[in-house]
Number of protein chains: 2
Amino acid sequence: MSANKPPAKRTYQSTEQRQSATVEAVVQLCAEQDPSTLTTARIADEVGLSQGALFKHFPNKNSLWESVAAWVSEQLTQRVFSVADQHEQADKALEAMFLAHIGFIARHPGIPRLMLGELQKPGNSAAKRIVRQTLANYRQKVISLLNLGIQQHRITSTIDTEAAAVLYLGAIQGLVVQGMIGGDIHSLEQAAPRIFRLYSASFQEVPDAPQT
Amino acid sequence: MSANKPPAKRTYQSTEQRQSATVEAVVQLCAEQDPSTLTTARIADEVGLSQGALFKHFPNKNSLWESVAAWVSEQLTQRVFSVADQHEQADKALEAMFLAHIGFIARHPGIPRLMLGELQKPGNSAAKRIVRQTLANYRQKVISLLNLGIQQHRITSTIDTEAAAVLYLGAIQGLVVQGMIGGDIHSLEQAAPRIFRLYSASFQEVPDAPQT
DNA sequence: CAAAATAAAGTAATTACTCACTTTCTTATG
DNA sequence: CATAAGAAAGTGAGTAATTACTTTATTTTG
């Protein structure tokens, strides 16, 4: 009778395309799901592939996590560092970085989960190394900007720069955790400027006559 | 020849004892392992029980997680709040809380993993509710102390108390994450006072003649 | 057509939980 | 006070479900 085979017309794509689509799918899925509970079946389904086909594009799951970590690291570093470089004054650069970081997270709520999840894993997986390295670079950038701010006489020279770098990252963490508790990711962007203002109060030079 | 049955002399303990021993074993194990990878077999082994026996004391794994969350919440709240109540001056109380919290984490490095892990889970498990409630109480306590500090003229009245509460929890988070990156949990207690000093600089009233 | 991409079914390993049975503890009673 | 009986705690061997990864055969495409 009717057709024995409605040929289903699959669309084939290159491994490269599938790889980046898969990475983005993972980031997307992490917005709603604990990364450690993500199965290859669920990921493949999101990409629109059979589970088996996934392993034609990634040799194994670890390698997929590595690609995801690399993507996150690249995106985060690029976006955050590039806005920092648009500002002459170190304190303005720090603020811009802070807001850019929160904005990035607000658009990709799965990212804190991903990074924290990797850090919590035991051992020294490639993904974990990438995350750790990214955070170390980030921290160094903050310290450099703080030192620059001191030179510019916009940050008090008595500041404990290492502590200030930890507190900077902590401020972001605090916002993220608060968002996880409240469940509303979008309130992050509203709260971010208030948090940064308070943070910067801890080291701001208070000139009597500030010039714009 | 020798005995057909060395009777093995098991020691039986009450369900209550086993429950608390199990909870502590979980907290202990989380110091070295991602909570989401903890199996009932591993836990039972740590307690010194067969895997099946675990289910004589907990109806299921979720219930175990609930008990763990309750234990953590109780311990943390009790320890942190009790040191706060030993101080008249709100800023001193905040500092004591901060250091007590970090000390607690340093002695139980699995606890941040546990709490963050629960928060990241989807749904509304009992354990997640407990963690969320605990953090909400904590936050409220910080806000109350900040307000008290304003009354006592030890904290500047222009402070954004909500932001300060977020930054307070963020400072702890930042320390913890820094510890996870570095891998050394004990450096936490050294770094903690420096972080708190910087944090408190963001709202400290600066009297010209401070009296001890 | 040949190579790459995909589906679909299969496999071995892991895991939470169950079950049938044994060992220890508790307690009431002669 | 000794002891038998029942309750509680424990074991060890399952089981069904899940999961990362494989294999085989089919479809698309340059």
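As the structure is a computational prediction, the values presented were derived from the model and not from experiment. Just so it is clear: chains get the letters A, B, ... in the order the sequence lines come, proteins before strands, and each one is counted from 1.
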* Can you tell me the distance, in whole Å, between the CZ atom of Phe58(A) and the C1' atom of dT22(D)? => 18 Å
* Taking only side-chain nitrogens and oxygens of Thr15(B), does any of them come within less than 4.0 Å of OP1 or OP2 of dA9(D)? -> yes
* Most 5' of Leu38(A) and Lys56(A) on DNA chain D, judged by nearest nucleotide -> Leu38(A)
* Looking at Glu118(B) and Ala127(B), what are the two nearest heavy atoms and their distance? -> OE1-CB, 3.3 Å
* side-chain N/O His57(B) vs dG10(D) OP1/OP2, d < 4.0 Å -> yes
* Asked: Over how many whole Å does the gap from Asp45(B) atom CG to dA16(C) atom P extend?
  -> 14 Å
* To the nearest Å, give me how far apart CZ (Arg42(B)) and P (dT14(C)) are. => 15 Å
* **Position toward the 5' end of DNA chain D (nearest nucleotide), Ala53(A) or Gly48(B)** => Gly48(B)
* How many Å lie between CG on Asn62(B) and P on dT15(C), as a whole number? -> 17 Å
* Figure out the CD/C1' separation between Gln17(B) and dC25(C), and round it to whole Å. => 13 Å
* Among Phe104(A), Tyr199(A), Tyr168(A), the one residue meeting ring pair (Phe, Tyr, Trp, His ring centres under 6.0 Å) with Phe98(A) -> Tyr168(A)
* Give a yes/no answer on whether the side chain of Ser14(A) brings an N or O atom under 4.0 Å of OP1 or OP2 in dA4(C). => no
* To do: Compare the minimum distances between each of dA20(D), dC17(C), dA7(C) and the side chain of Thr40(A), then state the nucleotide with the smallest one.
  => dA20(D)
* Within the pair Arg18(B) and dA8(D), is there a side-chain N or O less than 4.0 Å away from OP1 or OP2? -> no
* To do: Identify which nucleotide among dA7(C), dA16(C), dG10(D) has an atom closest to any side-chain atom of Thr39(B), counting heavy atoms from C-beta outward.
  => dA16(C)
* Asked: For the atom pair CD (Gln178(A)) and CD (Gln173(B)), what is the distance rounded to the nearest 0.5 Å?
  -> 10.0 Å
* Contact class for Leu49(B) (heavy atom, under 4.0 Å): base, sugar-phosphate, or nothing? -> sugar-phosphate
* Asked: Atom CZ of Phe55(B) and atom P of dG14(D): how far apart are they, to the nearest Å?
  -> 18 Å
* Identify whether NZ of Lys or CZ of Arg in Lys121(A) sits under 6.0 Å from the centre of the six-membered ring of Trp65(A) and within 45° of that ring's axis. => yes
* Mind checking Gln51(B) for me? I need base, sugar-phosphate or nothing, with any heavy atom below 4.0 Å counting as a touch. => base
* Protein-nucleotide distance (Gln13(B), atom CD; dA9(D), atom P), rounded to Å -> 11 Å
* dA9(D) P sits how many Å from Glu16(B) CD, rounded? -> 10 Å
* Structure fact -> Between Leu54(A) and Thr40(A) the two heavy atoms that sit nearest each other are CD2-O, 3.6 Å
* Structure fact -> Per atom distances to the Tyr12(B) side chain, the nearest of dT24(C), dT11(D), dT28(D) is dT24(C)
